[in-house]
Amino acid sequence: MPTPILGTAYWGWKIPAPTAFDLLDALYAAGFREIDTATNYPINKIPEDFRKAEMILSDWINAHGIRDLKITAKVGSINNLRSPEHLLTQSFLLMCLDAYHQMWGANLDTFMVHWDNRDARSEIRDTMEALAYAGEKGWRPGLSGILRPDIYADLNKDFGLDFRIQFKHNILESKYEHYKPFHGAKRFVAYGINAGGAKIGADPRLDFLKPILEKANERKDRPPIEHFFQVGILFAYLHPDMESILIGPSSVEQLEKNLAFFRRLEAFDYTDFFEPQRR
Ligand SMILES: NC(=O)c1ccc[n+]([C@@H]2O[C@H](COP(=O)([O-])OP(=O)(O)OC[C@H]3O[C@@H](n4cnc5c(N)ncnc54)[C@H](OP(=O)(O)O)[C@@H]3O)[C@@H](O)[C@H]2O)c1
């Protein structure tokens, strides 16, 4: 079943460091271990904040001597200005891999290209050499924000890498089709499940959900689904190719509600909810 991954995109920006530490404490105490970060978090266009989210994460790891996290490190950015400037050469990526291994040791799990707008096969092959090296050493290679997944898939005939793929997926919008060459395996990781923090009742785009929820909630053999964060998790959870789901709580209270809902999904059957709209 898809597992939750705690996101860090707002750490050091909308989420201050003490709250990020509280989120990590609560996640860890609840038995969950997966974290997602990127070199350019927070992408707030403040140069001094470049790499701030990963620094907060490192401080927490070092303070507690943690060795069993599963961190996804998304790499390739050279600033946090939301610019298209990226560096995905084999040499730069191997340098990043070494740096993250030094920094996080056994906590590093997935090494992921984060945005690739190129369509030159030779350049993409160079990137894949670095991902293949990471794979050989036991880390999982990953892709996110890829303009040409078809080229990656074609080149992968030579590499045979088992990619994890982060993609936007919510009930209003999904990039699943864009990654068609990789369909059919549990390798996908959803982000944007809350469609930017949309709330039922406050966002007219979600009005179509009301009759769906009313009908599904007629069943009395399970707790009802009432909130959009639950819809977001459930919609991703029911996707057959979903391996994990990114959660971006802005408080410990939200985190605990998210984790409680994951537990609820293990205990109750909600598979009837989104059957017609799953794809
Ligand atoms: N690979 C990529 O390109 C990419 C892109 C985006 C994100 N990500 C990753 O995904 C992580 C999550 O980001 P996202 O964009 O996917 O976030 P999201 O889940 O779409 O939205 C997060 C927002 O949802 C609301 N929310 C979450 N739990 C809630 C709850 N229990 N009750 C009420 N509201 C709740 C909060 O809004 P309020 O604060 O307004 O209440 C929160 O700020 C990021 O931190 C990052 O690690 C990756």
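Only heavy atoms go into these numbers, but all of them, side chains included; no hydrogens, no water, no symmetry mates. Remember, it's 1-based here, ligands and their atoms both numbered in the order they're listed.
One finds the CZ atom of Phe32 at 5.0 Å from the CG atom of Leu259 (value rounded to the nearest 0.5 Å).
The aromatic rings of Phe163 and Tyr152 stand perpendicular to each other, their planes meeting at an angle above 60°, with 30° marking the opposite boundary. Using cut-offs of 30° and 60° for the angle between ring planes, the Tyr270 and Phe261 rings count as tilted. Using bins of under 30°, 30° to 60° and over 60° for the plane-to-plane angle, the ring pair His183/Tyr176 lands in the parallel bin.
With ligand atoms numbered from 1 in the order given, ligand 1 contributes 1 (N), 2 (C), 48 (C) to contacts under 4.0 Å with heavy atoms of Gln166. The distance from ligand 1 to the heavy atoms of Ser144 drops below 4.0 Å at these ligand atoms: 1 (N), 2 (C), 3 (O). Within ligand 1, counting atoms from 1 as listed, the ones closer than 4.0 Å to a heavy atom of Ile193 are 19 (O), 20 (O).
Of all protein heavy atoms, the one lying nearest to atom 26 (N) of ligand 1 is Gln254 OE1, 3.4 Å. Regarding atom 16 (O) of ligand 1, its nearest protein heavy-atom neighbour is Gly192 N, 2.5 Å. Here the heavy atom of the protein found nearest to atom 44 (C) of ligand 1 is Ala9 CB, 3.5 Å. Ranking protein heavy atoms by distance to atom 39 (O) of ligand 1, first place goes to Ser250 OG, 2.7 Å. The nearest heavy-atom contact from the protein to atom 31 (N) of ligand 1 is Asn258 OD1, 3.1 Å. Nearest protein heavy-atom contact of atom 2 (C) of ligand 1 is Tyr191 CE2, 3.3 Å. In this structure, the protein non-hydrogen atom closest to atom 22 (C) of ligand 1 is Gly248 O, 3.5 Å. Scanning all protein heavy atoms for the shortest distance to atom 11 (C) of ligand 1 gives Gly7 CA, 3.8 Å.
Where the criterion is an N or O separation shorter than 3.5 Å, residue side chain and backbone included, Tyr10 fails it with respect to ligand 1. Polar contact with ligand 1: absent for Lys74 (N/O pair, distance under 3.5 Å).
A salt bridge does not link Lys210 with Glu214: every distance from a Lys NZ or Arg NE/NH1/NH2 to an Asp or Glu carboxylate oxygen is 4.0 Å or more. Using a 4.0 Å cut-off between a side-chain N of Lys or Arg and a carboxylate O of Asp or Glu, Lys215 and Glu218 do not qualify as a salt bridge. Salt bridge absent: Lys186 and Asp241 never bring a charged side-chain N and a carboxylate O closer than 4.0 Å. For Arg148 and Asp154, the salt-bridge test fails: no basic side-chain N is under 4.0 Å from an acidic carboxylate O.
The closest approach between Phe261 and ligand 1 stays at or above 4.0 Å for every heavy atom of the residue.
With a 4.0 Å cut-off on non-hydrogen atoms, Thr8 touches ligand 1 through its backbone and not its side chain. Neither the backbone nor the side chain of Ala38 has a heavy atom within less than 4.0 Å of ligand 1. Neither the backbone nor the side chain of Phe228 comes within 4.0 Å of ligand 1, counting heavy atoms alone.
No continuous path of ILVMFWY side-chain contacts below 4.5 Å connects Tyr41 to Val75, so the two sit in separate hydrophobic clusters.
Heavy-atom proximity to atom 34 (N) of ligand 1, evaluated over Glu253, His227, Lys199, is greatest for Lys199.
Between His64 and Tyr28 there is no side-chain heavy-atom pair separated by less than 4.5 Å.
Just one residue in the list Thr110, Asp162, Leu161 forms a side chain to side chain contact (heavy atoms under 4.5 Å, CB included) with Pro141, and that residue is Leu161.
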